[in-house]
Amino acid sequence: MKIVVVGDTLVSADYMEEQAKRLFPGIDKEIVKFDWEVTTKKEFQKIIFDLEKNGSRARALSEPIMKELERAEIFLGHFAPLSEETLDNAKQLKLIATCRGGVEHIDVEAATKRNIPVVHVIRNAEPVAEFTLGLILNECRNITRSHEAIKKGLWLKTFPNSAFTTVLIEKKIGLLGLGAIGKLVAKKMSNLGIQVIAHDPYITKDQLEQEGIQIDLVSLKELFQEADIVSLHIRLTDETERLVNLKLLSLMKPSAYLINTARAGILDEDAIIKVLQEKKIAGAALDVFWQEPIPEDHPLLKLENVTLTSHIAGDTIDAIPKAPKLLVNEMIAFLDHGKTDMVVNYNRINWKGWMP
């Protein structure tokens, strides 16, 4: 069996290789490892943003990697892109795995057409869920606004949202998406005694209850109409791009807030600027942007009713380093049992198991 491992600036190829050795114990494995786009973290952030915005064709793999992929059966990577052209070259490939949650760098549709499972891992689900809670508290209670005002010599007691300030126990949280992060946010909110509603067409109330999550599932329209705080937790796809548009935002209460720690492309940029400028909602907190870093002349920077953070929701010292181990754990579970929530195209492939 041949496994190709591709590390990068953030995830070591050596550690990925070490974890890949746990696959198929007792079977001879040829593991070929590469480092891809090893540069400074600052430069690599530009590469990440390019892939997240423009997809698998935004960057290319080197010729040596492409050559080794011709006979590879398993691919393990982090941000290394797999376009349809690359998959055409990898005719023996039977399993793709990436040690991150987003899969914009992989042409999942092309993999699905070839009946190749794409396994990912939500390495930073807990950090992002915690950060989401922090943004909610910060936006609703004006923590950052008060801090910045004090530094400027001001002792403010009123803010743009002062007419709506109350405790979270009095609010209803609406979650768009119940993947690993959405579920964690739901559990944390429920544990605090806060009412939670959610919209996710791919999950049922029975499935949630089996995981100990007691929340109400509602339609997309009801979510935006009823929630006091709408938090976005869906993957960016062709179907979800600009899903949260002016029509949906216009359904929100004047006292409601929008939180986005997922992907900027889910949210219509012009629409969120418009509702904030016109104060149609109480405020927003955004950790992701349509261009990163956010341009110096961006309209959001002029607004007082929005909290902005620099795409740091998933940044903890242990989230990325432990990702290859978590990924291989998911791969083993999938290969042993034929199913895992971490196969992004599971319902669209004809998987009957595989043993070399």
Original post:
Quick one: OG on Ser250 to NZ on Lys280, what's the gap to the nearest 0.5 Å?
Top reply: 8.0 Å

Original post:
So, Asn329 versus Arg22: side-chain donor-acceptor pair below 3.5 Å or not?
Top reply: yes

Subject >> N-O pairing of Glu330 and Arg123 below 4.0 Å >> reply: no

**OP:** Given side-chain hydrogen bond (donor to acceptor under 3.5 Å, both in side chains), test His105 with Arg100 step by step and report yes or no.
**Re:** CA-CA 10 Å; His105 60 299; Arg100 58 186 300 264; 3.2 Å; yes

**OP:** Would you please test Arg235 and Glu104 for salt bridge (charged side-chain N to carboxylate O under 4.0 Å, His left out) and show each step?
**Re:** CA-CA 9 Å; Arg235 189 179 296 120; Glu104 301 91 344; over 6 Å; no

**OP:** Please indicate whether Lys205 has more than 12 foreign heavy atoms, meaning atoms of other residues, nucleotides or ligands, lying under 6.0 Å from its NZ.
**Re:** yes

**OP:** State, to 0.1 Å, how close Met189 and Ile136 come at their nearest heavy-atom pair, and which atoms those are.
**Re:** CE-CD1, 3.3 Å

Original post:
Is any side-chain heavy atom of Leu335 closer than 4.5 Å to a side-chain heavy atom of Phe24?
Top reply: yes

Original post:
Do Ser83 and Thr86 have side-chain atoms, one donor and one acceptor, less than 3.5 Å apart?
Top reply: yes

Original post:
Do you know the tightest heavy-atom contact between Gly193 and Ile169?
Top reply: O-CD1, 2.9 Å

Original post:
Between the side chain of Trp36 and the main-chain N/O of Ala60, is any donor-acceptor distance below 3.5 Å?
Top reply: yes

**OP:** Taking only Lys NZ, Arg NE, NH1 and NH2, and the carboxylate oxygens of Asp or Glu, determine whether Glu70 and Lys2 approach each other closer than 4.0 Å.
**Re:** no

Original post:
Should Glu278 and Lys274 be marked as a salt bridge (charged side-chain N to carboxylate O under 4.0 Å, His left out) after you check the CA-CA gap, both sets of side-chain angles, and the distance that decides it?
Top reply: CA-CA 6 Å; Glu278 297 178 1; Lys274 180 179 175 64; 2.8 Å; yes

**OP:** Answer with yes or no whether the side chains of Asn161 and Asn305 bring together a donor and an acceptor at under 3.5 Å.
**Re:** no

Subject >> Lys/Arg-Asp/Glu bridge criterion (N-O < 4.0 Å) met for Arg57, Asp107 >> reply: no

Subject >> Taking every non-hydrogen atom, the tightest pair across Pro324 and Tyr15 >> reply: CG-CD2, 3.7 Å

**OP:** State which residue, out of Thr9, Val6, Leu10, fulfils the side-chain contact (heavy atoms from CB on, under 4.5 Å) condition with His78.
**Re:** Leu10

Original post:
Looking at CD1 of Ile234 and CG of Leu178, how far apart are the two atoms once the value is rounded to the nearest 0.5 Å?
Top reply: 11.0 Å

Original post:
Are Glu139 and Arg145 ion-paired here, with the side-chain N under 4.0 Å from a carboxylate O?
Top reply: yes

Original post:
Atom CD of Glu37 and atom CD1 of Ile47: how far apart are they, to the nearest 0.5 Å?
Top reply: 4.0 Å

Original post:
Are Ile281 and Lys253 side-chain neighbours, meaning at least one heavy-atom pair lies under 4.5 Å?
Top reply: no

Subject >> Any Arg263 side-chain heavy atom under 4.5 Å of Glu52 side chain >> reply: yes

**OP:** With rounding to the nearest 0.5 Å, note down the distance linking CG in Leu175 to CG in Leu232.
**Re:** 9.5 Å

Original post:
Do other residues, nucleotides or ligands put more than 12 heavy atoms under 6.0 Å from the NZ atom of Lys29?
Top reply: yes

**OP:** Give a yes or no on whether the backbone of Ile143 and the side-chain of Ser146 come within a donor-acceptor separation of less than 3.5 Å.
**Re:** no

Subject >> Over all atoms of both residues, closest heavy-atom pair of Lys302 and Asp297 >> reply: NZ-O, 3.4 Å

Original post:
Asn115 and Trp351: side chain to side chain contact (heavy atoms under 4.5 Å, CB included), yes or no, with the steps?
Top reply: CA-CA 7 Å; Asn115 206 40; Trp351 178 258; 5.6 Å; no

Subject >> No-hydrogen, no-angle side-chain donor-acceptor test under 3.5 Å, Thr307 and Thr144 >> reply: no

Subject >> Smallest separation among heavy atoms of Pro295 and Leu301, with atom names >> reply: O-CD1, 3.3 Å

Original post:
Is the shortest heavy-atom distance from the side chain of Ile213 to the side chain of Lys187 under 4.5 Å?
Top reply: yes

Original post:
Do side-chain atoms of Gln45 reach the backbone of Lys42 as a donor and acceptor pair under 3.5 angstrom?
Top reply: no

Original post:
So, does Asp268 use its side chain to make a donor-acceptor pair with the main chain of Leu246 at under 3.5 Å?
Top reply: no

Original post:
Any Lys/Arg nitrogen of Asp200 or Lys183 sitting under 4.0 Å from an Asp/Glu carboxylate oxygen of the other?
Top reply: no

Subject >> Steps toward salt bridge (charged side-chain N to carboxylate O under 4.0 Å, His left out) verdict (Lys33, Glu68) >> reply: CA-CA 10 Å; Lys33 64 181 176 182; Glu68 294 295 342; over 6 Å; no

Subject >> Pair Thr112-Glu109, side-chain donor/acceptor within less than 3.5 Å >> reply: no

Original post:
Does anything in residues 283-295 pair up under side chain to side chain donor-acceptor pair (under 3.5 Å), and if so which pairs, sequence neighbours excluded?
Top reply: Asp287-Thr309, Glu292-His311

**OP:** Could you tell me whether the side chain of Phe224 reaches within less than 4.5 Å of the side chain of Leu258, counting heavy atoms only?
**Re:** yes

Original post:
Quick one: CG on Leu76 to CG on Leu23, what's the gap to the nearest 0.5 Å?
Top reply: 6.5 Å

Original post:
Step by step, would you call Ile197 with Glu226 a side chain to side chain contact (heavy atoms under 4.5 Å, CB included)?
Top reply: CA-CA 9 Å; Ile197 59 175; Glu226 296 179 15; 4.0 Å; yes

**OP:** Tell me, with the steps shown, if Thr261 and Thr132 meet side-chain hydrogen bond (donor to acceptor under 3.5 Å, both in side chains).
**Re:** CA-CA 7 Å; Thr261 54; Thr132 300; 3.1 Å; yes

Original post:
If you draw a 6.0 Å radius around NZ in Lys325, do more than 12 non-hydrogen atoms from other residues or ligands fall strictly inside?
Top reply: no

**OP:** Quick one: pull up CD in Glu130 and CG in Leu133 and give me the separation to the nearest 0.5 Å.
**Re:** 8.0 Å

Original post:
So, for Ala323 and Cys99, which heavy atoms are closest and what is the spacing to 0.1 Å?
Top reply: CB-O, 3.4 Å

Original post:
Does the side chain of Leu267 come within less than 4.5 Å of Leu286's, by heavy atoms?
Top reply: yes

**OP:** Indicate whether the side chain of Glu269 and that of His298 have a donor and an acceptor atom separated by less than 3.5 Å.
**Re:** yes

Original post:
Can Ile96 and Val108 be said to form a side chain to side chain contact (heavy atoms under 4.5 Å, CB included), step by step?
Top reply: CA-CA 10 Å; Ile96 295 169; Val108 176; over 6 Å; no

**OP:** Please test Gln214 against Leu208 for side chain to side chain contact (heavy atoms under 4.5 Å, CB included), starting from the C-alpha separation and ending with a verdict.
**Re:** CA-CA 7 Å; Gln214 301 282 341; Leu208 291 174; over 6 Å; no

**OP:** Give a yes or no answer on whether the side chain of Asp206 reaches the backbone of Glu209 with a donor-acceptor pair at less than 3.5 Å.
**Re:** no

